[in-house]
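Read through the structure below, which is laid out as structure tokens, and then see the notes.
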Protein chains: 2
Amino acid sequence: MVERSPSTLDLTYAALADPTRREILRQLRLTEARVTDIARPLPMSLNAVSKHISVLERAGLVRREIRGRDHFLTAQPAALAEAERWITDYTAFWEHRVDALAAHLESRQQHPAPEEQA
Amino acid sequence: MVERSPSTLDLTYAALADPTRREILRQLRLTEARVTDIARPLPMSLNAVSKHISVLERAGLVRREIRGRDHFLTAQPAALAEAERWITDYTAFWEHRVDALAAHLESRQQHPAPEEQA
DNA sequence: CTTATGTTCAACCAAGTGGTTGAACATCTT
DNA sequence: AAGATGTTCAACCACTTGGTTGAACATAAG
């Protein structure tokens, strides 16, 4: 019942967990686009797309610039940095362990410890 | 109503979107652990933790090995590869664009010489 | 055999998600 | 002013999620 507000990392990963939202981001790699432009190729209502965009916006992955009645969206790839770093740090930890294991095995192969057996 | 089954990427990002599950993964960096071991430091019931572990398992991020009554969990960092690649590919696209823009501006500023390549 | 330990299953609940439709609001065009 | 276009807001719905409790199941230990 503590209901803390979700962290940036939570929001980012949750936003990326939906294929429609990833598709929207992919669409925004090329250029900015209006809500309607983004919705056109997607197999759902404009309102549904509008909701997806809010999720992306809340996660900081997309920024909105209102010009007249049009809302132009641009992707904010920098917002992915934290999410990427979590994974790379995590896997880096493993690569270190694998390296250590490899080094250990190699050293044992070259100078076999007498009290251990393969 | 088409209700396709969620992709691996969906499952992975959804699994990472919860701080409890990230904490579980962090705990499993060091060594394998039993469900009870994982649950002990967490501020929720064992059953809740059991559910979180299922989510991680369904995403392939954790593997379970049953020995007697104990279920030993090990992290599977390789399962993060696809999720990481999506982000790196995405941001790489941007870095390319930024590089291209920088090169363009620089070449225009410096000289009519078309020698780009740092 | 009986009891304690480790884990899941099942039912429940409140809140969130991903979609819908219909209305409202804002702005551009005629 | 009137109409068309772009977008959000609000209500609704089915489903999922993250938590709970209580029971059941599986195995280890006395």
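Just so you know, these numbers come straight off a predicted model, no measurement behind them. Side chains are part of it too, since the values below use all heavy atoms of this structure and drop only hydrogens, waters and symmetry mates. We name chains A, B, ... by the order of the sequence lines, and we start the count at 1 in each one.
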Quiz item: Does B:Val49 or A:Arg34 map to a spot on DNA chain D nearer the 5' end, using the closest nucleotide for each?
Solution: A:Arg34
Self-check item: Side-chain donor/acceptor of A:Tyr13 to backbone N/O of A:Ala83, under 3.5 Å
Solution: yes
Practice problem: Provide the closest heavy-atom pair for B:Leu46 versus B:Thr36 in the form atom of the first, atom of the second, distance. | Solution: CD1-CA, 4.2 Å
Tabulated below should be each protein N or O lying under 3.5 Å from an N or O of nucleotides 27-30 of chain C; please produce it.
residue: C:dT27; atom: O2; partner: A:Arg69; partner atom: NH1; Å: 3.3

Practice problem: Take the protein atom NE2 of B:His71 and the nucleotide atom P of D:dA26, then report the distance between them rounded to whole Å. | Solution: 11 Å
Quiz item: Starting at CD of A:Glu65 and ending at P of D:dT7, how long is that distance when rounded to a whole Å?
Solution: 13 Å
Exercise. Look at A:Glu23 together with A:Arg21 and state whether they make a salt bridge at an N to O cut-off of under 4.0 Å.
Key: no
Self-check item: Separation of A:Arg29 CZ from B:Asp89 CG (nearest 0.5 Å)
Solution: 8.5 Å
Practice problem: Among residues two or more places apart or on two chains, list those pairs meeting ring-ring contact (aromatic ring centres under 6.0 Å, His included) that have a residue in residues 41-88 of chain A. | Solution: A:Trp86-A:Tyr90
Quiz prompt | Between C1' of D:dG19 and CD1 of B:Ile53, the distance in whole Å | solution = 15 Å
Quiz item: Roughly how far, to the nearest 0.5 Å, is the CG atom of A:Leu61 from the CZ atom of A:Arg22?
Solution: 12.5 Å
Self-check item: Smallest separation among heavy atoms of B:Arg58 and B:Leu11, with atom names
Solution: NH2-CD2, 3.3 Å
Exercise. Output the distance between atom CD1 (A:Ile53) and atom CG (A:Leu73), rounded to the nearest 0.5 Å.
Key: 4.5 Å
Quiz item: A:His52 NE2 to C:dG16 P: how many Å, rounded?
Solution: 18 Å
Practice problem: Starting from the 5' end of DNA chain D, give me the residue, A:Lys51 or A:Glu57, whose nearest nucleotide shows up first. | Solution: A:Glu57
Quiz item: Between B:Arg34 and B:Asp37, does at least one N-O distance fall below 4.0 Å, as a salt bridge requires?
Solution: yes
Quiz item: Do A:Arg63 and A:Glu32 meet the salt-bridge criterion of a basic N to acidic O distance under 4.0 Å?
Solution: no
Quiz item: For residues 36-46 of chain B, which residues have at least one heavy atom under 4.0 Å from DNA chain D?
Solution: B:Met44, B:Ser45
Quiz item: Please give, in whole Å, the distance from D:dT7 C1' to A:Leu73 CG?
Solution: 11 Å
Please enumerate all protein N or O atoms sitting under 3.5 Å from an N or O of nucleotides 22-24 of chain C, with distances to 0.1 Å.
residue: C:dG22; atom: O6; partner: A:Asn47; partner atom: ND2; Å: 2.3

Quiz prompt | Over all atoms of both residues, closest heavy-atom pair of A:Thr91 and B:Glu84 | solution = OG1-OE1, 4.2 Å
Exercise. Residues of residues 7-19 of chain B with any non-hydrogen atom less than 4.0 angstrom from an atom of DNA chain C: list those, numerically ordered, please.
Key: none
Quiz item: Any side-chain hydrogen bond (donor to acceptor under 3.5 Å, both in side chains) pairs touching residues 41-50 of chain A, not counting sequence neighbours?
Solution: none
Quiz item: Any idea which heavy atoms bring B:Ala14 and A:Ala17 closest together, and the distance?
Solution: N-CB, 3.5 Å
